[in-house]
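Atoms considered below: every heavy atom in the structure, side chains included; atoms not considered: hydrogens, waters and symmetry mates.
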Amino acid sequence: MTVWQRWVAFLSATEDGTSLAIVRLVVGSCVLRTMLSVWWAGIYTVIWYDTAHGGYRSFGDGPWQYELLGGYAPWQVDLYFGVALVGGALVTLGVGGPVVARLLTFATLQGFQAVCDLNDHAGGSYDELVANCLWLLVLAGPSRTLSVHTWWTTGRWSSTETVMFWPRFLFVFQAVVMYATTGWQKLSVHWVPGGDLAALYYIQQQPTWQLRDMSWLAWVFPLTQLATAVSWWWEVTAPVWLLAFLASRGGDGWLARTLRRWRVNTVYLVVGLVFHVLVAATMEVGPFSWASLALYAAFVDPRTWRRWLRLDGGPVDSRPAEGVPTVG
Amino acid sequence: MRAALIALHCVAIMALAFPAPSGGMSRKTWADPTVQAELEGWRERLGGVGLALDKDAFQDGLFDLASGYMKVRAAILAPMRPYHLYFGTWQSWRMFIAPHMYPSRLHVDVHDADGWREVYAARSDEATWLRPLFDHDRMRAAVFRYAWPNFTGTYRAFCAFLARRAAVDFPEADQIRVRFRKGRTPTPEEVRAGVEVPSTWSNARILDLAPLRAADGEGA
């Protein structure tokens, strides 16, 4: 079998859609949270209206979504905000069949991008992460289970209808790309091995992101050094997580067996969860941790999700399709 | 066909996510003490393995190398730009790649008959004017950027916005002062010993409020 044939076969596997549905629920709620938090904080007009309408910046014609409608105007912000808000709710609920759900998710993506890209100073990587996830949901067709669509068509909330495996793989790939490339750029002398490993201590002292005073970390500095080392290695070696994820789906080679025996997929997952919980508890970085958790849902096999959530319908065989290559 | 498109997607996001000094290609930014400390740290490390370099030669060479890399990167990414732009596949994962050793803290004061009075200080529980605005993660991100020299233009617009709000919220005030307190983050040893680390004021802007009220009056 050539590499290309192996790749094609790998992408042809199917499984039930529970993992993707969990991703959809988290991403949709993330869009809602992002929009509503701006509204509730009273900064909507401040960051997204221009100076003539109560904001602090000028936007010229605005990004391409605004040029499309004749150039920036506040009513367009309201329009795109409304599309993102309503779309976020519909994506969360899982409204529409394969075509309608994709169109709704694509509209949500465009509304979300139009609003969040407008003032690129007032945002962060979390906006890109949410947009990445929305596009992958468009590709996935996100409403096959745990959705209003399922309830409407079957009378039940969950379904074991099979979906393609490759969208879940793309979420996993996105997570690994995100963590690996951020780790590869952590070249500060405070991050890399051989340095003082003080990066997390100093980052936690930065007033911009603090939720509360963190000077007490000075008394547990060695713990912050340990956390710095663990998170650096965890990010830099993230491609191993991709291998471990693939190995968790099967494979008889020594590498796959070793990765499974050492539960490497679970270890990376747990370290990442702890990392995001600590970030959320100590720093104000918007919906970053919540959006990241959407990706984590993709690392978990749909059968495991069904067991955890005690969903009816019975487990579905989500082994790779025959001939599908696996690690090792 | 599907397999080819998925492969292209993976290539497109990898290419954009691959490490690059985007947003840092300015000698003004490089002059910041945090950046200088990082560069010096690496120059010393290279010196330790026999690659001793003069400070200016090292930084000039690194800047030229980074500039060349960014040109090649831009050429590679150009055909993928529509996919990144229109389909939400932008990748920029330079998250906390280096701790900011000289962070800035925003302070806002107003001046009235009694002199200057602090009305806002970042993360303060006493000076809390517009705190819901400043505490939101999006404004935190914006204010973080405005302490850097490459955002001077928008920082001025931001100060003008604060002046317009202050003209309404503090009717007795005649001026507003917006500035950053910039200082080195104390080391763990200094915190434990109770050592005060000196800081300086930067980016101070003082704006008169009377003309803003007059303009508002005319507008009404």
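- Comparing B/S92, B/A4, B/P21 by how many heavy-atom pairs each has under 4.5 Å with chain A, the most go to B/S92.
- For A/D120, the part sitting under 4.5 Å from any heavy atom of chain B is the backbone (N, CA, C, O) and nothing else.
- Of the atoms belonging to B/T187, heavy atoms from both backbone and side chain fall under 4.5 Å from chain A.
- Proximity to chain A (any heavy atom under 4.5 Å) is restricted, for B/D135, to the backbone atoms N, CA, C and O.
- Here the shortest heavy-atom pairing between A/P207 and B/S104 reads CG-O, 4.0 Å.
- With a threshold of 4.5 angstrom between heavy atoms, A/Q185 approaches chain B through its backbone and through its side chain.
- Between the side chain of A/T182 and the backbone N or O of B/M95, at least one donor-acceptor pair lies under 3.5 Å.
- Ranked by non-hydrogen atom pairs under 4.5 Å with chain B, the options A/Q174, A/Q204, A/Q110 are led by A/Q174.
- Side-chain contact between A/Q210 and A/M283 is absent, with no heavy-atom pair separated by less than 4.5 Å.
- Two residues are said to be in side-chain contact when any heavy atoms from C-beta on lie closer than 4.5 Å; A/F171 and A/V176 fail this criterion.
- There is a side-chain donor-acceptor pair under 3.5 Å between B/Y83 and A/W135.
- Interface remark: B/F151 contributes side-chain atoms only to the contact with chain A (heavy atom separation under 4.5 Å).
- Using a 4.5 Å cut-off between heavy atoms, B/V191 touches chain A through backbone and side chain atoms alike.
- Per-residue heavy-atom pair counts under 4.5 Å with chain B were compared for A/G123, A/S58, A/G54, and the maximum is reached by A/G123.
- Using a 4.5 Å cut-off on side-chain heavy atoms (C-beta onward), A/R57 and B/T154 make contact.
- At a cut-off of 3.5 Å, with distance as the only test, a side-chain donor of B/D169 or B/W129 sits close to an acceptor on the other residue.
- Neither the backbone nor the side chain of A/W40 comes within less than 4.5 Å of any heavy atom in chain B.
- For B/A147, no part sits under 4.5 Å from any heavy atom of chain A, backbone or side chain.
- The parts of B/A17 that come within reach of chain A are both its backbone and its side chain, each placing non-hydrogen atoms under 4.5 angstrom from that chain.
- Neither the backbone nor the side chain of A/W232 comes within contact range of chain B, judged by heavy atoms closer than 4.5 Å.
- Under 3.5 Å, the side chains of A/Q205 and B/T185 contain no donor-acceptor pair of N or O atoms.
- Looking at B/R192, the atoms closer than 4.5 Å to chain A (heavy atoms on both sides) sit in the backbone and in the side chain alike.
- In terms of non-hydrogen atom pairs under 4.5 Å with chain B, the most contact-rich of A/S215, A/A180, A/A131 is A/A131.
- Of the two parts of A/L134, neither the backbone nor the side chain holds a non-hydrogen atom closer than 4.5 Å to a non-hydrogen atom of chain B.
- Among A/L36, A/V130, A/V91, the one residue that satisfies the side chain to side chain contact (heavy atoms under 4.5 Å, CB included) test with A/V31 is A/V130.
- For the pair B/R181 and B/W201, the cation-pi criterion (under 6.0 Å, within 45° of the ring axis) is fulfilled.
- Among the candidates A/P287, A/G183, A/A199, A/G42, the residue making the largest number of heavy-atom pairs closer than 4.5 Å to chain B is A/A199.
- For B/P188, the parts sitting under 4.5 Å from any heavy atom of chain A are the backbone and the side chain alike.
- Residues B/L5 and B/H9 are not in side-chain contact: their nearest non-hydrogen atoms beyond the backbone lie 4.5 Å or more apart.
- For A/F112, no part lies under 4.5 angstrom from a heavy atom of chain B.
- A side-chain donor-acceptor contact under 3.5 Å links A/N132 to the backbone of A/E128.
- Scanning for side-chain hydrogen bond (donor to acceptor under 3.5 Å, both in side chains) contacts around B/H84 gives an empty result, with sequence neighbours left out.
- There is no contact between A/E235 and chain B, counting heavy-atom distances below 4.5 Å.
- The candidate from B/Q91, B/H100, B/M14 with the greatest count of non-hydrogen atom pairs under 4.5 Å with chain A is B/Q91.
- Judged by the 6.0 Å distance and 45° axis criteria, A/K186 is positioned over the aromatic ring of A/W191.
- Side-chain atoms of A/E67 never come within 3.5 Å of backbone atoms of A/P63 as a donor-acceptor pair (strictly under, hydrogens ignored).
- For A/T224, no part lies near chain B; criterion is any non-hydrogen pair under 4.5 Å.
- Within the 4.5 angstrom heavy-atom criterion, atoms from both the backbone and the side chain of B/L85 approach chain A.
- When each of A/L187, A/V285, A/D213 is scored by its heavy-atom pairs under 4.5 Å with chain B, the top score falls to A/L187.
- By the 4.0 Å N-to-carboxylate-O rule, B/R213 lies too far from B/D208 to be salt-bridged with it.
- Ranked by heavy-atom pairs under 4.5 Å with chain A, the list B/A7, B/P19, B/P186, B/P132 is led by B/P19.
- Among B/G41, B/A122, B/G153, B/A98, the residue with the largest count of heavy-atom pairs under 4.5 Å with chain A is B/A98.
- Interface remark: A/L136 contributes side-chain atoms only to the contact with chain B (heavy atom separation under 4.5 Å).
- Within the 4.5 angstrom heavy-atom criterion, only side-chain atoms of B/R145, from C-beta onward, approach chain A.
- If you measure heavy-atom distances from A/Y179 to chain B, you find no contacts under 4.5 Å at all.
- Taking B/T89, B/D125, B/I6, B/I13 one by one and counting their heavy-atom pairs under 4.5 Å with chain A, the maximum is reached by B/I6.
- Of the possible donor and acceptor atoms, none in the side chain of B/Y120 sits under 3.5 Å from a partner among the backbone N and O of B/V178.
- Most heavy-atom pairs under 4.5 Å with chain B: of the set A/D117, A/V8, A/D127, this distinction falls to A/D127.
- Annotation: the span from A/W166 atom CH2 to B/R2 atom CZ amounts to 7.0 Å, rounded to 0.5 Å.
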